Protein chains: 2
Amino acid sequence: MTSENTPHHHGNLRPALIQAGIDILETEGTKGLSLRKIATRVGVTHAAPAHHFKGKAALLVAIAAKGFQVFADLMEKNRDAAPKDPQNQLLGLCQGYLQFAAENEALFELIFSTDIKPHANVDEDFRKSANRAFRLLEDTCALFEPSPKHSQGHEIMIWSLVHGYASLRAYNKLISPEDGAAMPFELILPQLTPKK
Amino acid sequence: MTSENTPHHHGNLRPALIQAGIDILETEGTKGLSLRKIATRVGVTHAAPAHHFKGKAALLVAIAAKGFQVFADLMEKNRDAAPKDPQNQLLGLCQGYLQFAAENEALFELIFSTDIKPHANVDEDFRKSANRAFRLLEDTCALFEPSPKHSQGHEIMIWSLVHGYASLRAYNKLISPEDGAAMPFELILPQLTPKK
DNA sequence: GACACTATCTTTACAGTGTAAAGTTTGAGT
DNA sequence: ACTCAAACTTTACACTGTAAAGATAGTGTC
């Protein structure tokens, strides 16, 4: 037997359920995402997921963990592809942020939903992927001199700006959906002074 | 008979359902909000709401419409209470924005949820209250000279910033929840030049 | 004032959901 | 070869939204 298509025990059900969940999420949205539908799509009965996840909430957290993973990957990739000066690094990172939000609408809404956030502190996978995403943003903001007023640096402002823009763009399709350069950074980026 | 407690026909069921929905939303969250629970709380059977709303989605839209109403009220009130210079007017408006998001967490998430947004274009009440809220922000941003780059003025940037900050604060309780002045405006507000 | 009528709410029914418990199969270890 | 535990199925139940049909009240109209 290869690793695929193990006959009865299915073998790797856990990741299959997560992937099926993501698929359904993007095709049918959050409303159409049911435990039973996920199970059926994978080819098992509706009670099978219970042996891998404590409940639907736990499966959603696992899906969100995977979501944060590709989220962070996309940010990192876009940042690394950008010119090496701090301004463009930050801009690239944020374009990755927006790209993920635009291409995975329901998943983006899920990973930042307050439903899963309470359970998220328990799940180790989730904490790790989420923290990686946040640290990525922190690190890129750390390329600039921090504000004298905020000890935390600029990450809250930048994060708010890009997150709000991504959310509103998803909510109100009127805002130009394609042009990542339309991001309202022209007042802020020039105010950030690179370190050293 | 007074207007209250009409015996069998209940009289004003429609607004009662909306209010009960808001109450449950704030006490039990989105997950605990069911049509049947709303109906029971108001004192009618579970099928009664069907005669006033086309379905659960329609009731949610009505709840969101009411939500946008108090949202706009709160922004307007805070803006009017602020000093009359443009900077403080905008700051006041945004503090109202944040106050609403902090005090009505689930409702805030609902009115900006992508679930109801498709149905929202149909509902006239919703369009009106939502547009009022948006226009309020537009008008206050119009106190400043627009950016030469964006014909739309600054409302997208300001809106993104305050909306992102509100969302992230709800998501991650780590961000100081009380101090409205901690809003990351110190880089942006000085860049805005009042008109005339 | 009796009548029909319509809006409002109830009753009943049904498919879909998440979850729990018990039963069945499979694979691994001794 | 046998035991046993893990993986999955079967069955059952409470809860959800929705639809259809029945009961009740208030509103006209003659």
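Letters A, B, ... are given to chains in the order of the sequence lines, protein chains preceding strands, and every chain is numbered from 1. Values below: all heavy atoms of this structure, side chains included; hydrogens, waters and symmetry mates excluded. Because the structure is a prediction, the values reported are computed rather than measured.
- The pair B:K56-B:D115 fails the salt-bridge criterion, with no side-chain N (NZ, NE, NH1 or NH2) lying under 4.0 Å from an Asp/Glu carboxylate O.
- Taking atom CZ on A:F53 and atom C1' on C:dA20, their separation rounds to 18 Å, with Å as the unit.
- In this entry the distance linking CG of B:L59 with C1' of D:dT16 reads 14 Å, nearest Å.
- The pair A:D123-A:K54 does not count as a salt bridge, with every side-chain nitrogen at least 4.0 angstrom from each carboxylate oxygen.
- For the pair B:R135 and B:E138, the salt-bridge criterion is not met [side-chain N within less than 4.0 Å of a carboxylate O].
- A side-chain donor from one of A:H163 and A:Y97 sits under 3.5 Å from a side-chain acceptor of the other.
- With rounding to whole Å, B:R14 atom CZ is found 16 Å from C:dA7 atom P.
- Counting only N and O atoms by type, the side chains of A:T114 and B:E105 include no donor and acceptor under 3.5 Å apart.
- Mapping B:G55 and B:H51 onto DNA chain D by nearest heavy atom places B:G55 closer to the 5' end of the strand.
- Taking atom CG on B:L17 and atom C1' on C:dC9, their separation rounds to 12 Å, with Å as the unit.
- Note on B:H52: only backbone sugar-phosphate atoms sit closer than 4.0 angstrom, heavy atoms only; bases stay farther off.
- For the segment residues 108-116 of chain B, no residue has any heavy atom less than 4.0 angstrom from an atom of DNA chain D.
- Within the 3.5 Å criterion, the main-chain N or O of A:L107 finds a donor-acceptor partner in the side chain of A:E26.
- A donor-acceptor contact shorter than 3.5 Å is absent between the side chain of A:K66 and the backbone of A:I18.
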Could you list the protein-to-nucleotides 14-17 of chain C atom pairs, N/O on both sides, closer than 3.5 Å?
| unit_1 | atom_1 | unit_2 | atom_2 | d |
| --- | --- | --- | --- | --- |
| C:dT17 | OP1 | A:S34 | OG | 3.3 |

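- D:dG17 atom P lies 12 Å from atom NZ of B:K31, rounded to whole Å.
- Here the P atom of nucleotide C:dT8 and the CG atom of B:N12 are 12 Å apart, to the nearest Å.
- Between the side chains of B:Q19 and B:D23, a donor-acceptor pair is found at a separation under 3.5 Å.
- Side-chain proximity of B:H46 to the nucleotides C:dT10, D:dA19, D:dT10 is greatest for D:dA19.
- Here A:R79 contributes atom CZ and A:C94 contributes atom SG; the two are 11.5 Å apart, rounded to the nearest 0.5 Å.
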